[in-house]
Amino acid sequence: MDYQTLNLLFRCSKAFSHETIRRQELSDTESMLCSFIFSHENCSQDDVSIALKTDKTTVGKALASLEGKGCVLRLRDDADRRIKRLSLTELGREKVAALFDLHNNWLAQILTCLSSEEQKQFENYCVRLLAAAEQLTQAQTGDLS
């Protein structure tokens with residue numbers, strides 16, 4: 001598989017979910033941030049910016065919007081008052097759950113073109129590819145977290 005095919009698969013997924021994200025009254029960036037915060041509760045704005053390779057200003061604006069929509073809470077860190085820890089509100093969790101359901105259903109539908117055995121193989125390949133990608137990224141960036 002070449003990168004173009006993989007990129008097209010990601011773009012199809014994004015196009016499929018685009019309208020649902022809008023119905024959740026979120027931008028694509030806000031959706032991405034909520035999904036990250038869901039998986040990394042109590043992270044900081046810097047953590048989000050670094051992990052998602054997104055400009056701090058863009059993250060800050062999106063977080064302010066999400067806070068205004070009642071989806072995200074920013075609380076000062078007890079140990080370092082300069083840091084604000086991020087968490088999702090119940091509304092934020094509901095929106096993320098709806099998006100995760102959408103993506104899981106999309107994936108289940110497209111995987112029907114594969115047999116059960118092929119689906120298992122594909123999942124195993126994806127796990128291995130993710131591990132290799134994370135290892136390569138850590139080696140390149142020096143990130144040991």
Side-chain angles (χ1 to χ4, degrees), residues 1-111 113-114 119-145:
M1 174 188 296
D2 62 15
Y3 181 76
Q4 182 64 20
T5 303
L6 189 59
N7 188 38
L8 288 172
L9 183 61
F10 290 135
R11 293 176 92 188
C12 285
S13 172
K14 187 173 181 178
F16 180 84
S17 63
H18 186 75
E19 186 55 36
T20 301
I21 290 170
R22 294 291 175 263
R23 283 195 302 268
Q24 294 291 332
E25 299 177 352
L26 298 173
S27 70
D28 290 336
T29 300
E30 291 168 346
S31 170
M32 181 175 58
L33 295 182
C34 282
S35 295
F36 182 83
I37 295 167
F38 180 86
S39 300
H40 301 85
E41 194 76 18
N42 293 317
C43 61
S44 70
Q45 182 172 329
D46 283 349
D47 295 336
V48 173
S49 178
I50 291 166
L52 299 179
K53 299 186 183 348
T54 305
D55 181 71
K56 287 182 184 182
T57 304
T58 301
V59 171
K61 288 178 183 179
L63 288 172
S65 176
L66 287 166
E67 198 172 26
K69 293 176 182 180
C71 295
V72 170
L73 293 174
R74 291 196 262 191
L75 302 171
R76 291 210 184 274
D77 186 293
D78 292 335
D80 186 343
R81 304 290 290 160
R82 296 170 296 171
I83 298 173
K84 290 186 179 176
R85 297 291 170 191
L86 307 171
S87 62
L88 293 178
T89 64
E90 189 58 39
L91 176 62
R93 289 183 189 288
E94 290 171 10
K95 288 180 183 280
V96 169
L99 294 172
F100 283 175
D101 284 346
L102 174 79
H103 290 292
N104 286 332
N105 288 335
W106 177 83
L107 187 57
Q109 287 179 24
I110 67 164
L111 287 175
C113 70
L114 302 175
Q119 288 180 30
K120 289 175 189 171
Q121 287 176 342
F122 179 72
E123 184 176 350
N124 288 333
Y125 295 152
C126 286
V127 168
R128 289 171 43 199
L129 288 168
L130 177 59
E134 288 173 341
Q135 186 177 28
L136 181 61
T137 301
Q138 287 176 356
Q140 184 173 358
T141 63
D143 179 18
L144 301 175
S145 58

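Computed from a prediction, not measured in an experiment: that's the story for all the values here. Positions are given from 1, in the same order as the sequence printed here.
- No donor-acceptor contact under 3.5 angstrom links the side chains of Gln24 and Ser31, judged on distance only.
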Decide yes or no on salt bridge (Lys or Arg N to Asp or Glu O under 4.0 Å) for Arg74 and Glu67, but give the supporting numbers first.
-> CA-CA 8 Å; Arg74 291 196 262 191; Glu67 198 172 26; 3.1 Å; yes

Taking distance alone, no hydrogens or angles, what donor-acceptor pairs closer than 3.5 Å link side-chain atoms of residues 48-60 to residues at least two apart or in another chain?
from  : atom 1 : to    : atom 2 : distance (Å)
Ser49 : OG     : Thr54 : O      : 2.5
Thr54 : OG1    : Leu52 : O      : 3.0
Asp55 : OD2    : Thr57 : N      : 3.0
Asp55 : OD2    : Thr57 : OG1    : 3.3
Asp55 : OD2    : Thr58 : N      : 3.4
Lys56 : NZ     : Asp46 : OD1    : 3.4

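- Heavy atoms only, all atoms of each residue included: Leu33 and Ala62 are closest at CD1-CB, 3.3 Å.
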Assess whether side chain to side chain contact (heavy atoms under 4.5 Å, CB included) is satisfied between Arg22 and Asp28, documenting all intermediate values.
-> CA-CA 8 Å; Arg22 294 291 175 263; Asp28 290 336; 3.8 Å; yes

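- Here the closest heavy-atom approach between residue Leu88 and residue Cys34 is recorded as CD1-O, 3.7 Å.
- Atom CZ of Phe122 has 12 or fewer heavy atoms from other residues, nucleotides or ligands within 6.0 Å.
- Residue Ile21 comes nearest to Ser27 through the heavy atom pair CG2-O, 3.7 Å, listed as atom of the first residue, atom of the second, then distance.
- Leu26 approaches Lys69 most closely through the heavy-atom pair CA-NZ, 4.1 Å.
- Lys14 is not listed as a side-chain neighbour of His18, based on a closest heavy-atom distance of 4.5 Å or more.
- Classification of the Phe16-Trp106 ring pair by plane angle, with boundaries at 30° and 60°, yields tilted.
- Asp77 pairs with exactly one of Arg85, Lys84, Arg82 by the side chain to side chain donor-acceptor pair (under 3.5 Å) rule, that one being Arg85.
- Counting heavy atoms of neighbouring residues, nucleotides and ligands inside a 6.0 Å radius, atom CD of Glu123 does not exceed 12 of them.
- Applying the 6.0 Å contact sphere to CD of Glu41 captures more than 12 heavy atoms from other residues, nucleotides or ligands.
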